[in-house]
Amino acid sequence: MKFEEKMMLLRKKSMLSQEQLAEKLDVTRQTVSKWELGQSKPDMDKLTSMSKLFNVSIDVLTNDDEIIDSDTSVKNEEKSKLGGSVVKRKYVLYILIAILIAASTTLAVRIGNSIKAENEKRAQEEQAIKDDIKRRQEEIDKKIQDTQKKNEDMKKENEKASFNRTYEIAAGTASKSRVSWTLDDVMTNNKKNSDRLIEVIFNETSYGTSSNEIVKIKSLLKNFEGYKIVNYEVSFDYSEDGYINKMTIKEQ
């Protein structure tokens, strides 16, 4: 019995496809196919691996005088005792088994490929749905973020406008009383709001941001110069972020 016949028989008895046997022997399916077609033979390492895998000796695999039946290996002379008819029936049985295995394998492969294709299609559809949900969620999140940013910007602008409005009411020509009230607002702010300090300059002299210094300006303010009413020119400077950070007072 030739090596390739033994190999095919042992593989099919072990319920292995060429791909599965190739994986176990660490070779390609084409290599296994060539072995079974008698186009090439495995080296000693692969023969050793097959011997262990199929639980037969290397001699049984390589010796053409050795026959492999459904149970064990026997000599040619033992085969001859069984009678030619028995051998023929076994070969017919082997062929039928091989055809059955081949047909079953083909059917299993086709069913497997069909199931695989269906699973892949379903997976693609599910992924498309997930991607669409993710895209919609991202759009919603972006709208929420844009709205939140717009609200935050509006809130900051309102806070800035409210802060500046407290002092800007005194801008331009102002009386002693108006200037004094505005100085009170500045001192109150500087005590409570260390992040928005306002410097005060009176008649080109800076009194800084300290309330103890700014309050001195109030004693310098006057209503009359002789019979003349005294007015003051008040202006403001702004920081880079738009908040008042300097008040300038000049006696007219």
Side-chain angles (χ1 to χ4, degrees), residues 113-252:
N113 289 339
S114 177
I115 294 174
K116 180 180 179 182
E118 184 64 27
N119 290 339
E120 289 178 351
K121 180 181 178 181
R122 186 177 303 160
Q124 289 174 355
E125 291 174 349
E126 290 176 353
Q127 187 61 45
I129 294 173
K130 290 179 180 178
D131 291 343
D132 185 60
I133 293 174
K134 181 180 178 181
R135 178 183 59 78
R136 292 176 182 271
Q137 186 61 49
E138 288 175 348
E139 290 176 353
I140 293 172
D141 292 342
K142 187 177 185 305
K143 288 180 180 179
I144 293 174
Q145 291 174 358
D146 291 342
T147 301
Q148 289 176 341
K149 186 177 184 304
K150 184 178 180 180
N151 291 339
E152 289 174 359
D153 291 343
M154 186 179 298
K155 181 181 177 181
K156 290 179 181 179
E157 287 299 320
N158 290 337
E159 290 175 351
K160 180 168 61 178
S162 177
F163 179 88
N164 292 340
R165 194 180 301 116
T166 302
Y167 312 102
E168 288 173 337
I169 193 172
T173 301
S175 65
K176 172 187 174 182
S177 298
R178 174 62 66 186
V179 173
S180 180
W181 295 337
T182 306
L183 288 173
D184 288 339
D185 290 335
V186 170
M187 287 186 289
T188 299
N189 173 76
N190 288 357
K191 287 179 181 179
K192 295 181 178 180
N193 192 355
S194 60
D195 293 333
R196 298 294 178 191
L197 296 176
I198 300 175
E199 177 190 3
V200 180
I201 299 175
F202 178 67
N203 287 339
E204 299 184 354
T205 299
S206 175
Y207 286 79
T209 60
S210 170
S211 296
N212 293 332
E213 294 297 319
I214 294 173
V215 73
K216 296 177 182 179
I217 300 175
K218 296 182 68 174
S219 64
L220 300 176
L221 298 175
K222 47 194 174 183
N223 286 318
F224 297 95
E225 184 70 47
Y227 295 102
K228 180 183 176 183
I229 297 176
V230 177
N231 288 315
Y232 299 89
E233 182 67 26
V234 180
S235 62
F236 297 95
D237 292 331
Y238 299 81
S239 62
E240 291 183 356
D241 56 358
Y243 282 83
I244 289 176
N245 64 355
K246 183 185 295 184
M247 176 181 179
T248 301
I249 308 167
K250 290 184 181 180
E251 183 178 334
Q252 290 184 332

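Since this is a predicted model, take the numbers as computed values, not measurements. If you read the sequence from its start, that first residue is 1, and numbering goes on from there.
- Side-chain contact, Gln127 with Asp131: a donor N or O sits under 3.5 Å from an acceptor N or O.
- Evaluation of the side chain to side chain donor-acceptor pair (under 3.5 Å) rule for Lys143 yields no partner, not counting sequence neighbours.
- Taking CZ of Arg178 as the start and CG of Leu183 as the end, the distance is 12.0 Å to the nearest 0.5 Å.
- Between atom CD1 of residue Ile214 and atom OH of residue Tyr207 there is a gap of 11.0 Å, rounded to the nearest 0.5 Å.
- Here the options are Asn245, Asn190, Thr182, the test is side-chain contact (heavy atoms from CB on, under 4.5 Å), and the partner is Ile198; only Asn190 passes.
- Residues Val200 and Lys246 form no side-chain contact, since every pair of their non-hydrogen atoms from C-beta on lies 4.5 Å or further apart.
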Working note: Gln145 + Asp141, criterion side chain to side chain donor-acceptor pair (under 3.5 Å); need CA distance, chi angles, decisive distance, verdict. CA-CA 6 Å; Gln145 291 174 358; Asp141 292 342; 6.0 Å; no
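- Residues Lys176 and Val179 form no side-chain contact, since every pair of their non-hydrogen atoms from C-beta on lies 4.5 Å or further apart.
- Side-chain N or O atoms of Asn151 include one that pairs as donor or acceptor with a backbone N or O of Thr147 at under 3.5 Å.
- Shown here for Glu168 and Phe236, the closest heavy-atom pair between the two residues is CA-CE1, 3.9 Å.
- Taking the side chain to side chain contact (heavy atoms under 4.5 Å, CB included) definition, one finds that Glu159 meets it with Lys155, Tyr243, sequence neighbours left out.
- For Ile229, the CD1 atom counts as loosely surrounded, since its 6.0 Å shell holds 12 or fewer non-hydrogen atoms of other residues, nucleotides or ligands.
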So Glu126 and Lys130, salt bridge (Lys or Arg N to Asp or Glu O under 4.0 Å) or not? Walk me through it. CA-CA 6 Å; Glu126 290 176 353; Lys130 290 179 180 178; 5.4 Å; no
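- For Asn193 (side chain) and Asn189 (main-chain N/O), no donor-acceptor pair under 3.5 Å exists by modelled atom type.
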Determine whether Thr248 and Glu233 satisfy the following criterion, side-chain contact (heavy atoms from CB on, under 4.5 Å), listing intermediate values before the conclusion. CA-CA 8 Å; Thr248 301; Glu233 182 67 26; over 6 Å; no
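- Residue pairs meeting the salt bridge (charged side-chain N to carboxylate O under 4.0 Å, His left out) criterion with at least one member in residues 182-210, sequence neighbours excluded: Asp184-Lys218, Arg196-Asp241.
- Put simply, the side chain of Ile249 does not reach to within 4.5 Å of the side chain of Asn203, judged on heavy atoms.
- Residues Val230 and Phe224 approach most closely at CG2-C, 3.5 Å, considering heavy atoms.
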Working note: Asp153 + Lys150, criterion salt bridge (Lys or Arg N to Asp or Glu O under 4.0 Å); need CA distance, chi angles, decisive distance, verdict. CA-CA 5 Å; Asp153 291 343; Lys150 184 178 180 180; over 6 Å; no
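- Counting heavy atoms of neighbouring residues, nucleotides and ligands inside a 6.0 Å radius, atom CZ of Arg136 does not exceed 12 of them.
- With hydrogens and angles disregarded, no donor-acceptor distance shorter than 3.5 Å links the side chain of Thr205 to the backbone of Ile201.
- Closest of all the heavy-atom pairs between Asn212 and Val215 is O-CG1, 3.3 Å.
- Remark: the backbone N or O of Ile244 is paired with a side-chain donor or acceptor of Asn164 at under 3.5 angstrom.
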